[in-house]
K.L.:
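Could you have a look at this structure, given as structure tokens, before my questions?
Since the model is a prediction, treat every value here as computed from it, not as a measurement. Below, chains carry the letters A, B, ... as their sequence lines are ordered, and counting in each starts from 1.
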Amino acid sequence: MLGIQEAATELGVTMRTLRFYEDKALIAPQRVGTTRIYSKREMGRMQLILRGKRLGFSIREIKEFLDLYDVDPEHHEQVRTLLVKVTDRIEELRQQKTAIEQTLEELLSIERQSLDWLKGTPDGK
DNA sequence: CTTCTTACA
DNA sequence: TGTAAGAA
């Protein structure tokens, strides 16, 4: 059981971040009076939240996944939901990748044309 | 001094 | 999410 300061340090986030996710109902640390206590469970959930964020999932998506952790002990529906989200995310990234490649090609084309134009001018360069 | 809440950026 | 302010 850790205090908010220690929990934050261990997770590499700030106390604000922990309170933020609690406000979004992704975690629900115990309370001793008004001070928060972070158990192994909250720490584990935070690890998953942080990873979900790294992978580009929204807080809502992460919450959906996390909530199944309690409702579905065997993690059946949980894994299915995860697979769907992961598949969607992969597709989303592929589209972004294509968009970036197109923009890049367009930019490279302009760069080439500019360079060529410069070659034909007096003080060219 | 540390944590909490609330509000604003 | 950071930061600030006032309470506990």
Side-chain angles (χ1 to χ4, degrees):
Chain A
M1 308 297 240
L2 308 171
I4 191 171
Q5 192 76 266
E6 320 165 298
T9 299
E10 199 156 308
L11 292 167
V13 301
T14 63
M15 298 189 284
R16 178 74 172 88
T17 300
L18 292 177
R19 295 179 184 127
F20 176 81
Y21 287 123
E22 176 182 351
D23 189 55
K24 298 302 177 184
L26 274 74
I27 54 176
Q30 292 181 198
R31 296 266 189 158
V32 172
T34 61
T35 59
R36 285 165 254 248
I37 297 298
Y38 296 81
S39 65
K40 192 170 182 177
R41 176 168 185 276
E42 312 310 328
M43 295 302 278
R45 290 179 63 109
M46 273 306 296
Q47 296 274 17
L48 293 178
I49 292 170
L50 264 19
R51 179 151 87 139
K53 189 185 71 172
R54 286 204 311 276
L55 299 180
F57 292 107
S58 68
I59 287 181
R60 181 172 183 178
E61 291 176 312
I62 297 173
K63 176 176 166 53
E64 280 184 49
F65 177 73
L66 250 29
D67 288 343
L68 292 177
Y69 216 95
D70 304 305
V71 188
D72 173 30
E74 291 306 306
H75 306 170
H76 287 163
E77 187 182 336
Q78 172 149 54
V79 175
R80 271 184 280 171
T81 300
L82 178 64
L83 176 59
V84 173
K85 291 187 181 308
V86 167
T87 301
D88 287 350
R89 181 60 178 150
I90 289 175
E91 181 51 35
E92 191 181 333
L93 286 176
R94 281 180 173 154
Q95 285 188 16
Q96 286 181 33
K97 183 179 180 181
T98 297
I100 289 175
E101 292 174 335
Q102 292 188 341
T103 300
L104 200 51
E105 284 178 39
E106 205 172 323
L107 252 20
L108 287 169
S109 176
I110 294 175
E111 183 182 49
R112 280 194 294 276
Q113 291 178 50
S114 298
L115 250 28
D116 288 346
W117 183 82
L118 245 28
K119 280 187 176 181
T121 67
D123 61 330
K125 188 187 180 182

K.L.:
Could you tell me how far apart A:Gln30 (CD) and B:dT3 (P) are, to the nearest whole angstrom?
P.N.:
17 Å
K.L.:
Would you indicate whether the side-chain heavy atoms of A:Gln95 and A:Glu91 approach each other to under 4.5 Å?
P.N.:
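Yes, side chains in contact.
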K.L.:
To the nearest 0.5 Å, what is the distance between OG1 on A:Thr14 and CD1 on A:Ile4?
P.N.:
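If I round to the nearest 0.5 Å, the distance is 8.5 Å.
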K.L.:
Check whether any side-chain heavy atom of A:Gln30 sits under 4.5 Å from a side-chain heavy atom of A:Met1, and report yes or no.
P.N.:
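A:Gln30 vs A:Met1: side chains touch.
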K.L.:
Does atom CZ of A:Arg94 have more than 12 heavy-atom neighbours, drawn from other residues, nucleotides or ligands, at distances under 6.0 Å?
P.N.:
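At most 12 heavy atoms, drawn from other residues, nucleotides or ligands, come within 6.0 Å of this atom.
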K.L.:
Write down the distance between CD (A:Glu22) and P (B:dC4), rounded to a whole number of angstrom.
P.N.:
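Taking atom P of B:dC4 as the reference, CD of A:Glu22 is at 8 Å.
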K.L.:
Expected output is a numbered-order residue list: members of residues 35-53 of chain A with a heavy atom under 4.0 Å from any atom of DNA chain B. What is it?
P.N.:
A:Thr35, A:Arg36
K.L.:
To the nearest angstrom, how far is A:Arg16 atom CZ from B:dT5 atom P?
P.N.:
11 Å
K.L.:
Students should find this one: the first and last nucleotides of DNA chain C, 5' to 3', lying under 4.0 Å from a heavy atom of chain A. What are they?
P.N.:
C:dT1 to C:dT3
K.L.:
Could you check how far CZ of A:Arg19 sits from P of B:dT3, rounded to whole Å?
P.N.:
8 Å
K.L.:
A:Ser109 and side chain to side chain donor-acceptor pair (under 3.5 Å): which partner among A:Glu105, A:Glu106, A:Gln113?
P.N.:
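Running side chain to side chain donor-acceptor pair (under 3.5 Å) over A:Glu105, A:Glu106, A:Gln113 with A:Ser109 returns exactly one hit, A:Gln113.
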K.L.:
Please tell me whether A:Leu66 and A:Leu68 are part of a single hydrophobic cluster in this structure, the criterion being side-chain heavy atoms less than 4.5 Å apart.
P.N.:
no
K.L.:
Would you indicate whether the side-chain heavy atoms of A:Glu10 and A:Leu2 approach each other to under 4.5 Å?
P.N.:
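Touching, per the 4.5 Å side-chain cut-off.
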K.L.:
Quick check: do A:Leu108 and A:Glu111 have side-chain heavy atoms less than 4.5 Å from each other?
P.N.:
yes
